[in-house]
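Each residue takes its place number in the sequence, starting with 1.
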Amino acid sequence: LSVILGYTDMLHDDGLAPVERTRTLSRIRGAGLELLEMIEATLNLGRLEAGRDPARLETIAVPALLDELATEFAALTQRPATTLRWEPVAGILLDTDRRKLRIIIKHLVANALKFTPSGEVVIRCEARGDRCAFVVRDTGIGIAHERLPVIFEMFRQGDSSDSRSYSGVGLGLYIVQRLLDQLGGDIAVASAPGRGTIFTVTLPVRAAPSLSATA
């Protein structure tokens, strides 16, 4: 918030060159998005930890949900060297909590974009027997093998060094894991430094009776 206010004050300078003004506005927007991410993560975490956010199941059309997310991400400013691609999806129906599935996919896609300075991020969905798989693949910086076991822990990131180049509070993947626990889903990750990362989320096509009872 201090960064946003500081750059806003700079815009009052009449001598600011147009190029610098554009750069300053971009920095304000970036800081605002980071603040929004922190607020959303904190609110989601608060609801989960308090047990006030049970699963609310409904039958959703996966193609419509992904189209909605694609439109949402298209409205955001992306790196010119990074391509975001949503592969076509067949008519898959899924019994799950629509809002929570949106949060899961948004976290994974936003994470992939953050750590892919150039290349591509691809989202794919497919039926696998009685489960539905969502795959988010990127060609970004990747994650070191020794960091993979801890990335789903609270306040952990793939790069935890003091000199890390990417912002964030390390709550996104923890929230993803907690939501998947509620929905009876699983997540797997495959990655290597410099070779990108693949996150695979699988959910039951039909909710288990025990999950439906708590919805």
When rounded to the nearest 0.5 Å, the distance separating CG of L5 from CG of L1 is 4.5 Å
Output for pair (R99 CZ, I60 CD1), nearest 0.5 Å, gives 13.0 Å
Residues R147 and I143: closest non-hydrogen pair is CB-CG2, 3.8 Å
The reported gap from CG in L203 to CG in L101 (rounded to nearest 0.5 angstrom) is 6.0 Å
Residues G184 and P204: closest non-hydrogen pair is O-CD, 3.4 Å
| query | In terms of side-chain geometry, is the basic nitrogen of E120 or R85 positioned less than 4.0 Å from the acidic oxygen of its partner? | reply | yes
### ILVMFWY cluster, I92 and V109 together (side-chain gap under 4.5 Å)
yes
Next on the checklist: Salt bridge check, R128 against E126: does any charged N sit closer than 4.0 Å to a carboxylate O?
Outcome noted: yes
| request: Apply side-chain contact (heavy atoms from CB on, under 4.5 Å) to the pair L84 and L113, showing each step before the final yes or no. | output: CA-CA 8 Å; L84 177 60; L113 289 170; 4.3 Å; yes
So CG of L66 and CD of E87: to nearest 0.5 Å the spacing works out to 11.0 Å
Look at atom CZ of R21 and say whether more than 12 heavy atoms of other residues, nucleotides or ligands are closer to it than 6.0 Å. yes
Closest heavy-atom pair, H145 versus P149, reported as atoms and distance to 0.1 Å, is O-CD, 3.6 Å
Please examine the side chains of P117 and I141, heavy atoms only from C-beta on, and report whether any two atoms are closer than 4.5 Å.
yes
Exam field: side chain D186 to backbone T202, donor-acceptor pair closer than 3.5 Å = no
Rounding to 0.5 Å, atoms CG (D97) and CD (E58) come to a distance of 7.5 Å
Margin query: Show, in sequence, the C-alpha distance, side-chain angles and deciding distance for I104 and F134, and conclude whether the side-chain contact (heavy atoms from CB on, under 4.5 Å) test is met.
Written below: CA-CA 10 Å; I104 290 167; F134 297 87; over 6 Å; no
Check step by step if side-chain contact (heavy atoms from CB on, under 4.5 Å) holds for D95 and V205. CA-CA 6 Å; D95 287 347; V205 173; over 6 Å; no
In terms of heavy-atom contacts, C132 and C125 come closest through SG-SG, 3.4 Å
Between the side chain of S26 and the main-chain N/O of T22, is any donor-acceptor distance below 3.5 Å? no
Taking D138 for the side chain and V121 for the main chain, is one N or O donor matched with an acceptor at less than 3.5 Å? no
Electrostatic pair R102-E72, nearest N-O below 4.0 angstrom:
yes
- Message: If you apply the rule side-chain contact (heavy atoms from CB on, under 4.5 Å), what do you find for W86 with L69, and how did you get there?
- Response: CA-CA 9 Å; W86 302 76; L69 287 170; 3.7 Å; yes
- Task: May I ask you to test the L179-I103 pair for a side-chain heavy-atom distance under 4.5 Å?
- Result: yes
Hydrophobic clusters here meaning ILVMFWY residues chained together by side-chain heavy-atom distances under 4.5 Å, can you tell me if L25 and I4 are in one? yes
Query raised in the report: Going hydrophobic residue to hydrophobic residue with side-chain gaps under 4.5 angstrom, can you get from I187 over to I198?
Result: no
Following the transitive rule for hydrophobic clusters with a side-chain heavy-atom cut-off under 4.5 Å over Ile, Leu, Val, Met, Phe, Trp and Tyr, establish whether L108 and V122 coincide in one cluster.
no
Determine whether a donor-acceptor pair (N or O, by modelled atom type, separation under 3.5 Å) exists between the side chain of T139 and the backbone of G196.
no
Quiz prompt | Side-chain heavy atoms of H107 within contact of I175, under 4.5 Å | solution = yes
Review point. Is there a chain of hydrophobic side chains (I, L, V, M, F, W, Y, each step under 4.5 Å between heavy atoms) that links V176 to L148?
Key: yes
When rounded to the nearest 0.5 Å, the distance separating CD1 of I123 from CD1 of I105 is 9.0 Å
Can you classify the ring geometry of F152 versus F199 as parallel (below 30°), tilted (30 to 60°) or perpendicular (above 60°)?
perpendicular
